[in-house]
Q: 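Right, I'll just put the structure down here and ask away after.
In the text below, chain A, chain B and the rest are named by the order of the sequence lines, each starting its count at 1.
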Number of protein chains: 2
Amino acid sequence: MGEPHTSTELATARLREAILSGELPPGEKLHQDRLAELLGISRTPLRAALTTLAQTGLVSYESNRGFFVREFSFSEVTAAFEVRAELEAMACRLAAANMTEEANRHLSELVAEGDLLLAPGVLLAENLGDYRRMNVEFHSTVMKLSGNPWINTFVHSLHNVPAASDRVIMWHNFKVIERSHDDHHRIARALSNGQGERAAAIMREHILYAMELLKLQLKLYPQDFLRMPIPDKPLKGRRPARNRRLTE
Amino acid sequence: MGEPHTSTELATARLREAILSGELPPGEKLHQDRLAELLGISRTPLRAALTTLAQTGLVSYESNRGFFVREFSFSEVTAAFEVRAELEAMACRLAAANMTEEANRHLSELVAEGDLLLAPGVLLAENLGDYRRMNVEFHSTVMKLSGNPWINTFVHSLHNVPAASDRVIMWHNFKVIERSHDDHHRIARALSNGQGERAAAIMREHILYAMELLKLQLKLYPQDFLRMPIPDKPLKGRRPARNRRLTE
DNA sequence: ATTTGCCTTAATGGATACAAAATGACGATA
DNA sequence: TATCGTCATTTTGTATCCATTAAGGCAAAT
């Protein structure tokens, strides 16, 4: 949805944000009356929003019992990374056969943009949003170049899994970002050379390494599991009781 | 959803069936008033049903314009097969590491069940439903054994793509079925031997060949594209005008 | 003849009111 | 004391009604 201008779409967007940011914690009962009043709308569009979010997988639903913020186990999160790695690797394989002049240029531009943002030797807070946009655009460009729309669809829906999204990156570790962007360089070059398998291998590692980083981060700060909006610096010790079950 | 006992869930199921069976043809406007009356419910649960179907991709939606039966292009259908092949191959790779005694037994049982159903040398009409169930169960068992829930989720949603589902098989060609079931044998054996890559390769071919068959069938009977409920024998020449655009 | 603007009509989006189901508390009973 | 059943309350699910927006037709103007 481009510009949400119906109450339903607005509510959907706000709720998604609230859930991904941890404002609405996992397992929380989504009370229709209260939520509707909170959002200043009636229950009808709210229920519509909850229904779509339920299909997206962000909330769970039981007949006559209501909606709840879905809880994700640790293994589900890592599983999300594994599927993402496979799908985006597949995208590389397919994209290599579809490269055009324009495609090459677009990828090059994105990579160059990243170079610029990293030029200072640190990722400045003011550049963080732009880098994230560039990163998302790079990945989604490759997927679009694959010509297989399902890849994009599914990867997109995996970004709705808390902590499995690109929105989570260890922004405070420059070496990690630098290496990650170097992967982008190599992927773009491999694709432009028609080396699909090679690009796929880099992409797979690119994503699986992000998973390893997440695991590490969670080992260090387990209490923050599943509530990592955009952690430029790690937060500490809130809501310790609630996330126990998530450490599966 | 197990047993639909709310109007919404009932409507969702009925509409899904109506769309996949071609009763509601691609591109058709889904008139809320008329549909609600047709189903004997009010617009509220109908809209809820349409909302979920929109999320699963069976219908499209535009703000203030309404819901339409989604149209799938030829390339989208084949793309669905390709992703399915990749995901189920991945499932094999992972499953090989998780095989237990019980898992082996379950797969063996399914394979044996298939043997029995094919023993007559033809697939009898009365056995068709059972074979289909066995087939679905086999694939979904492998995916569950992978331990990665997303694989099952996504493959399941691909089964909502008309003509990309297991519900479509060339039931009238026994050799094809026999070979397909032989693949099941080999996949089960490879998994039980811990040969994940081998199982994956068979599975990939197993699914991609189904895609080839579909292509062939569509070349022979293009007018039936995207309205193949359970074609035990090919239907002919209905609604010729409507599906033109789908032959991309 | 074609296009533009208005107006009528119809369909969608949302709010409210009502029905049905589940939850929780209380008391009765073993 | 623990357990079961009943009843009151809360919350969900659905129907109906109203508001708002899009669609279509007609007429006027270029």
Side-chain angles (χ1 to χ4, degrees), chain A residues 1-19 23-71 242 245, chain B residues 1-19 23-71 242 245:
Chain A
M1 53 181 126
E3 282 311 303
H5 234 86
T6 127
S7 299
T8 301
E9 286 162 5
L10 204 97
T12 307
R14 296 230 6 220
L15 287 175
R16 171 179 292 124
E17 200 48 42
I19 292 171
E23 193 180 334
L24 291 171
E28 178 115 325
K29 167 93 201 249
L30 293 169
H31 243 282
Q32 299 183 6
D33 275 330
R34 297 173 206 170
L35 261 186
E37 191 177 16
L38 196 74
L39 295 173
I41 59 178
S42 96
R43 278 177 53 219
T44 310
L46 173 69
R47 284 176 59 85
L50 290 172
T51 302
T52 79
L53 290 176
Q55 286 301 319
T56 307
L58 270 186
V59 315
S60 62
Y61 169 76
E62 294 171 68
S63 311
N64 291 315
R65 296 213 37 227
F67 297 88
F68 304 79
V69 178
R70 166 132 176 229
E71 313 186 48
R242 178 144 241 139
R245 77 183 82 83
Chain B
M1 55 182 126
E3 282 310 303
H5 236 92
T6 117
S7 301
T8 300
E9 285 162 5
L10 203 98
T12 307
R14 296 231 6 222
L15 287 175
R16 170 179 293 125
E17 199 49 41
I19 292 171
E23 193 180 334
L24 290 171
E28 178 115 325
K29 167 95 201 249
L30 293 169
H31 239 282
Q32 299 182 4
D33 277 328
R34 297 174 206 168
L35 261 185
E37 191 178 16
L38 196 75
L39 295 173
I41 59 178
S42 94
R43 277 178 54 215
T44 308
L46 173 69
R47 284 177 59 85
L50 290 173
T51 302
T52 79
L53 290 177
Q55 285 301 317
T56 67
L58 270 186
V59 315
S60 62
Y61 168 76
E62 295 171 66
S63 312
N64 291 315
R65 295 213 38 229
F67 296 88
F68 304 81
V69 178
R70 166 133 176 229
E71 313 185 48
R242 178 142 243 140
R245 75 184 82 83

Q: Respond yes when some side-chain nitrogen or oxygen of B:Lys29 is under 4.0 Å from OP1 or OP2 of C:dT12, and no when none is.
A: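 So the side chain of B:Lys29 is within the cut-off, an N or O lying under 4.0 Å from OP1 or OP2 of C:dT12.
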Q: For B:Ser63 and D:dT21, is the shortest distance between a side-chain N/O and OP1 or OP2 below 4.0 Å?
A: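 No, because none of the side-chain N or O atoms of B:Ser63 sits under 4.0 Å from OP1 or OP2 of D:dT21.
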Q: Provide, to the nearest angstrom, the distance between the CG atom belonging to A:Leu10 and the P atom belonging to C:dG14.
A: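 Going from CG in A:Leu10 over to P in C:dG14 covers 10 Å.
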Q: So which one's nearest nucleotide on DNA chain C is more toward 5', B:Arg34 or A:Ser7?
A: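 Whichever sits nearer the 5' end wins; that is B:Arg34.
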Q: Kindly give the heavy-atom pair with the smallest separation between B:Pro45 and B:Thr8, and that separation in Å.
A: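 Scanning both residues, the minimum pair turns out to be CB-OG1, 3.4 Å.
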Q: Expressed as a whole number of angstroms, how long is the span from A:Phe67:CZ to C:dA22:P?
A: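 These atoms are roughly 15 Å apart.
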Q: What side-chain hydrogen bond (donor to acceptor under 3.5 Å, both in side chains) pairs are there with at least one residue in residues 52-61 of chain B, not counting sequence neighbours?
A: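 The answer is none; no pair qualifies.
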Q: B:Arg65 side chain N/O closer than 4.0 Å to the phosphate oxygens (OP1, OP2) of C:dT12?
A: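 No, no such contact exists.
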Q: What is the separation between atom CD on B:Glu9 and atom P on C:dA20, rounded to the nearest whole Å?
A: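 My rounded result for the distance is 18 Å.
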Q: Measuring from the side chain of A:Asn64 (C-beta onward, heavy atoms only), which nucleotide among C:dA22, C:dA11, D:dT14 has the closest atom?
A: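 Of C:dA22, C:dA11, D:dT14, C:dA22 is nearest to the side chain of A:Asn64.
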Q: Please work out which residues in residues 43-55 of chain A have a non-hydrogen atom less than 4.0 Å from an atom of DNA chain D and list them by number.
A: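 Residues of residues 43-55 of chain A that come under 4.0 Å of DNA chain D are, in numerical order, A:Arg43, A:Arg47.
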Q: State which residues pass salt bridge (charged side-chain N to carboxylate O under 4.0 Å, His left out) with B:Arg47; sequence neighbours excluded, sorted by chain then number.
A: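 Partners of B:Arg47 under the salt bridge (charged side-chain N to carboxylate O under 4.0 Å, His left out) test: none.
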Q: Side chain of A:Thr6, heavy atoms from C-beta onward: which of D:dT11, C:dG14, D:dG13 has the nearest atom to it?
A: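 So the side chain of A:Thr6 is nearest to C:dG14.
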Q: Kindly write out the residues that satisfy salt bridge (charged side-chain N to carboxylate O under 4.0 Å, His left out) with A:Arg65, not counting sequence neighbours, or none if the list is empty.
A: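 A:Glu62.
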Q: Is any side-chain heavy atom of A:Leu15 less than 4.5 Å from a side-chain heavy atom of A:Leu46?
A: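 In contact.
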Q: In chain order, what residues pass the side chain to side chain donor-acceptor pair (under 3.5 Å) check against A:Arg14, with sequence neighbours excluded?
A: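 Side chain to side chain donor-acceptor pair (under 3.5 Å) check on A:Arg14 returns nothing, list empty.
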Q: Write down the distance between CG (A:Asp33) and C1' (C:dA22), rounded to a whole number of angstrom.
A: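 To the nearest whole Å, that distance equals 15 Å.
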Q: Which of the following nucleotides, D:dA15, C:dG13, D:dG13, is nearest to the side chain of B:Ser42?
A: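 Ranking D:dA15, C:dG13, D:dG13 by closest atom to the B:Ser42 side chain puts D:dA15 first.
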Q: What is the distance from CD of B:Glu37 to C1' of D:dT16, rounded to the nearest Å?
A: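 Result: 15 Å.
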Q: Taking only residues two or more places apart in sequence or in another chain, which ones pass salt bridge (charged side-chain N to carboxylate O under 4.0 Å, His left out) with A:Arg43?
A: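 By the salt bridge (charged side-chain N to carboxylate O under 4.0 Å, His left out) rule, A:Arg43 matches no residue at all.
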Q: When you check the phosphate oxygens OP1 and OP2 of C:dA10, does a side-chain N or O of B:Gln32 lie under 4.0 Å from one of them?
A: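 For C:dA10, neither OP1 nor OP2 has a side-chain N or O of B:Gln32 closer than 4.0 Å.
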Q: Separation of B:Phe68 atom CZ from D:dA23 atom P, in whole Å?
A: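 Spelled out: CZ on B:Phe68 to P on D:dA23 is 8 Å.
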